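Computed from a predicted model, the values in this text were never measured in an experiment.
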There are 2 protein chains.
Amino acid sequence: MVKYIDIADDIREKIIEQTYTYGQKLPYEYVLCVTYHCNKETMKKALDILVKEGLIVRRRGAGTFVKDYDPSNDDVLKKGDRYGVGLTGKYQGFYRIRSEVVEFSVIPSDLEISKKLQIEEGSFVYHVIRARYLEEIPYVLEIIYMPISVIANLRLENVSNSIYAYIEDELGLKIQSSHKTITGELSTPLEQQYLELSEKEPFFQVEKVSYLSSGVIFEYSLNRYHYNQFEENTVTVHY
Amino acid sequence: MVKYIDIADDIREKIIEQTYTYGQKLPYEYVLCVTYHCNKETMKKALDILVKEGLIVRRRGAGTFVKDYDPSNDDVLKKGDRYGVGLTGKYQGFYRIRSEVVEFSVIPSDLEISKKLQIEEGSFVYHVIRARYLEEIPYVLEIIYMPISVIANLRLENVSNSIYAYIEDELGLKIQSSHKTITGELSTPLEQQYLELSEKEPFFQVEKVSYLSSGVIFEYSLNRYHYNQFEENTVTVHY
DNA sequence: GAGTGGTCTAGACCACATC
DNA sequence: ATGTGGTCTAGACCACTCT
């Protein structure tokens with residue numbers, strides 16, 4: 001549908017399957033434009049996606065080069081984790097995952113939650129607590145709030161499997177962006193129980209607010225990770 | 001110099017000083033284009049910067065809106081922290097910071113460091129260990145490696161103050177991107193000493209590889225934070 | 001239907017790297 | 001000097017939202 005995304009997908013594929021290998025110079029812009037029948041600006045948009053994913057580096061005056069690419073560390077590349085909600089980095093795709101739904105209810109939002117979700121205080125929201133295990137080792141405790149007005153008819157079945165799949169595939173909604181804050185926090189009995197932490201041990205918390213393409217906030221969540229199970233990769237491109 | 005950055009800076013300023021306030025609709029694209037004497041694509045580039053910074057949300061068919069903006073949490077906005085190397089989020093700008101240089105030497109790179117910096121094994125690199133304190137409370141322990149071939153004549157004075165200022169202002173080099181990995185690690189005596197951690201307490205590590213605009217890697221660093229002093233903010237825009 | 005953003009193009013011109 | 005990427009423009013056309 002969108003040309004520059006298709007082009008990026010194609011070139012990413014070539015890097016993964018090592019048609020383009022580490023350190024190699026990519027054909028320069030003009031050649032790529034001819035190959036993909038597109039304009040220079042469109043090509044730049046495509047390549048900028050790969051720059052943000054950390055797969056290539058572009059050097060004005062020199063060329064475009066494939067970056068050091070470690071296939072065991074390819075979380076950006078897994079379609080299943082496009083929103084950074086699944087397993088990240090080193091643990092992805094290799095282990096058996098089990099989810100345990102600790103809580104699934106509808107509650108009126110309190111001040112904090114209504115502020116984060118930008119809804120009226122007291123509006124009803126789904127309240128989900130879910131523990132995830134990796135080969136039976138506790139991995140993450142997820143606390144999720146979603147307005148019932150935005151995500152309709154969420155069922156236990158969806159919560160047990162993938163909430164994101166339900167939102168995208170069944171409701172046909174598109175997810176636009178997520179705003180995350182990662183902090184360290186001291187564990188309380190809740191995390192000690194589900195993450196098998198000792199007293200005084202900290203956990204990683206990822207606080208997240210997620211937007212649909214319509215601009216509506218559909219989720220406020222707190223993902224709490226055992227500190228030795230957590231990994232997050234980011235690329236920052238300065239301007 | 002670059003028009004879309006200037007425009008983004010100007011609009012960001014207006015959001016910070018609350019000329020545009022929370023929830024408000026910005027003038028639409030055409031009006032902004034006329035105001036700033038620019039083309040639609042240029043305007044989009046400018047606004048996309050603010051989208052990535054989490055300051056605005058754009059909704060096709062509806063308009064562009066100022067997001068919930070908490071002035072106490074404006075780390076994206078501080079010029080001094082453009083590269084995510086200074087203090088982040090809640091602690092920035094309010095406290096007195098002191099740096100203690102624990103180590104400043106030149107060593108031959110070992111296999112791991114040479115791989116990260118993409119230089120030949122054995123090439124000489126600066127080796128810096130720096131402890132930073134916030135109102136005398138240990139905050140972060142920084143372990144930095146930089147090739148002497150890229151960063152020439154680094155002095156203790158630069159290390160005590162800002163290495164980035166030296167690179168940008170004195171050497172006139174431009175920083176292009178940084179690739180970061182956040183993990184939790186168990187502390188060793190080094191971190192226990194400088195971060196005042198107990199045995200068995202973990203620390204939060206940000207491993208970073210940084211590129212110049214020339215595409216050359218100039219830095220491999222490990223920033224080790226006390227877990228209750230750690231905060232990292234990211235905005236992910238899906239496509 | 002009117003309002004508003006998103007994508008794409010052709011082509012001009014600029015900035016930086018390498019030789 | 002030549003190769004290569006980056007920015008900017010004018011204008012066409014498409015996609016989504018609101019009412």
From NZ of B:K40 over to P of D:dA10, roughly how many Å is that when rounded to an integer?
13 Å

Given atom CG of B:L47 and atom C1' of C:dG6, what is their separation to the nearest angstrom?
13 Å

Specify the separation, in whole Å, of atom CZ of A:F65 and atom C1' of C:dT18.
11 Å

Length of the CG-P vector between B:N39 and C:dT9, whole Å:
16 Å

By the 4.0 Å heavy-atom rule, please label A:T64 as base, sugar-phosphate, or nothing.
sugar-phosphate

Any donor-acceptor pair under 3.5 Å linking the side-chain atoms of B:Y4 with those of B:D48?
no

Nearest-angstrom distance from the residue atom OH of B:Y30 to P of D:dA12:
14 Å

Base, sugar-phosphate, or nothing: which does A:K3 touch, judged by heavy atoms less than 4.0 Å apart?
sugar-phosphate

Between D:dT4 atom C1' and A:I56 atom CD1, what is the distance in whole Å?
14 Å

Which residue lies toward the 5' end of DNA chain D, A:P27 or B:R59, if each is placed at its nearest nucleotide?
A:P27

Would the base of D:dG5 count as contacting A:K44 through its side chain, where contact means a donor and an acceptor less than 3.5 Å apart?
no

Which heavy atom of B:P147 sits nearest a heavy atom of B:I217, and at what distance?
CG-O, 4.0 Å

Whole angstrom is fine here: how far is it from OH in A:Y4 over to P in C:dC8?
7 Å

Electrostatic pair A:E29-A:K44, nearest N-O below 4.0 angstrom
no

5'-most contact on DNA chain D (nearest-nucleotide basis), A:M1 vs A:R58, goes to A:R58

For the backbone of A:N153 and the side chain of A:Y126, can you confirm whether one donor and one acceptor N or O come within less than 3.5 Å of each other?
yes

Just the rounded figure in Å: distance from P of C:dC16 to CG of B:L212.
14 Å

Counting only side-chain nitrogens and oxygens, does B:T42 get under 4.0 Å of the OP1 or OP2 atom of D:dT9?
yes

Under 30°, 30 to 60°, or over 60°: which ring-plane class applies to A:Y164 and A:F218, parallel, tilted or perpendicular?
perpendicular

Considering just the side-chain nitrogens and oxygens of B:Y28, establish if one lies under 4.0 Å of OP1 or OP2 belonging to C:dG5.
no

